Amino acid sequence: IKKIGVLTSGGDAPGMNACIRAVVRTGIYLGKEVVGIKQGYQGMVDRKFVNMDSHSVCNIIQLGGTILKTARCDEFRTYEGRQKAYKNLKKEGIDALVAIGGDGTFTGAELLSREFDIPVICVPGTIDNDLYGSDFTLGYDTANNTVIEAIDKIRDTAASHDRLFFIEVMGRDSGCIALWAGTAGGAEAILLPEKDTGIEDLIQKLEKGADSNKSSSIVIIAEGDKNGGAYHVAKLVKEKFQFYDIKVTILGHLQRGGSPTSFDRVLASRLGYAAVKALEAGETRKMVGIRGNRVKLTDLVESINNNSFKLEEDLMEMSTILTI
Ligand code: F6P
């Protein structure tokens, strides 16, 4: 391997810059050239390449977002798109890739690598933490901290006004943020896409709270929850409890930004470093992840096919008990 291409794709996540820095500096240390590919697979298709050196990744470890930018690229989903991208890589002399992103990024990387025989290592970068083969993904810890800061602030005003708040957090198919941040924020109830809790459960819980003179409550709802989103759930609950003063807050994209926590910076650095070392060791079509505080490789296909349920069962049980 002489020239490594690095890209970020899909939704941005805090820690991506720290990871780019680690890839660039490890590559250079091992005597490789490193090229940044702008806007993920779109930049591969459109030939948006930028030579990276140690200096080009100075002062970025603390930055949210991604200096390489990111995009979701429809053209790359087609064989013709990937062929065009591969030809561009060849012209540029890029002979290996590190792709940082979520399951969509992994799928693209796996196809490109298999169809055109180019080595690829992926790094799990998404605030959703929904990837198999890594206990944690880049950005998850930072997003959780952003959410608990918001919950704490909302709790101040909720308690002052005796209000019931529904807070919707990100996670298209994943309740990881909802469960973790909801637990850390002491939420009275948490609705998750992975667990089919109907509205009845929630209503019973709120009834219990009202009976024990609880005057304010916080309910966390994951974006992908099957009950129809925070506004809809709030409406259904209002029909049952006329006396509750109900408010809804959708946290949205603020969860994707911000300076990465120390955990995310270290995780990103470890995985970026490990990705380049894995390429150097002749590995391909693998994801570098962290399991039990050890860096581990997982086959990309295995990771893509298994990203269904990742919630901590004990947290689910415990958070219900602790909020009684
Ligand atoms: O996958 C990360 C994520 O933030 C999800 O939680 C969310 O559903 C989605 O991306 C939003 O995507 P976009 O920024 O394209 O609207």
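Whatever order the structure lists ligands and atoms in, that order sets their numbers, starting from 1. These figures come from a predicted structure and were not determined experimentally. Atom set for the values below is all heavy atoms of this structure, side chains included, hydrogens, waters and symmetry mates excluded.
Among residues at least two apart or in separate chains, side chain to side chain donor-acceptor pair (under 3.5 Å) pairs with a member in residues 208-229 are Asp162-Ser215, Glu188-Lys214, Asp225-Asn227. For residues 40-52, the side chain to side chain donor-acceptor pair (under 3.5 Å) pairs, not counting sequence neighbours, are Gln39-Lys48, Gln42-Asp46, Arg47-Glu92.
For Glu283, the side chain to side chain donor-acceptor pair (under 3.5 Å) partners are Lys286, not counting sequence neighbours.
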- [ ] Walk me through it: do Thr261 and Asn145 pass the test side-chain hydrogen bond (donor to acceptor under 3.5 Å, both in side chains)?
- [x] CA-CA 8 Å; Thr261 58; Asn145 281 295; 4.8 Å; no
- [ ] Assess whether ring pair (Phe, Tyr, Trp, His ring centres under 6.0 Å) is satisfied between Tyr79 and Phe116, documenting all intermediate values.
- [x] CA-CA 11 Å; Tyr79 177 80; Phe116 301 101; 5.6 Å; yes
Which N/O atoms of ligand 1 sit under 3.5 Å from a protein N/O, and at what distances?
residue  : atom   : partner : partner atom : Å
ligand 1 : 1 (O)  : Asp128  : OD2          : 2.9
ligand 1 : 4 (O)  : Arg256  : NH1          : 2.9
ligand 1 : 6 (O)  : Asp128  : OD1          : 2.7
ligand 1 : 6 (O)  : Asp128  : OD2          : 3.3
ligand 1 : 6 (O)  : Gly171  : N            : 3.1
ligand 1 : 8 (O)  : Glu223  : OE1          : 2.9
ligand 1 : 8 (O)  : Glu223  : OE2          : 3.0
ligand 1 : 10 (O) : Arg256  : NH1          : 3.1
ligand 1 : 12 (O) : Arg72   : NH2          : 3.0
ligand 1 : 14 (O) : His253  : NE2          : 2.8
ligand 1 : 14 (O) : Arg256  : NH1          : 2.9
ligand 1 : 14 (O) : Arg256  : NH2          : 2.9
ligand 1 : 15 (O) : Arg72   : NE           : 3.3
ligand 1 : 15 (O) : Arg72   : NH2          : 3.0
ligand 1 : 16 (O) : His253  : NE2          : 3.4

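Taken from NZ in Lys235 to CD in Glu239, the straight-line distance is 5.5 Å, to the nearest 0.5 Å.
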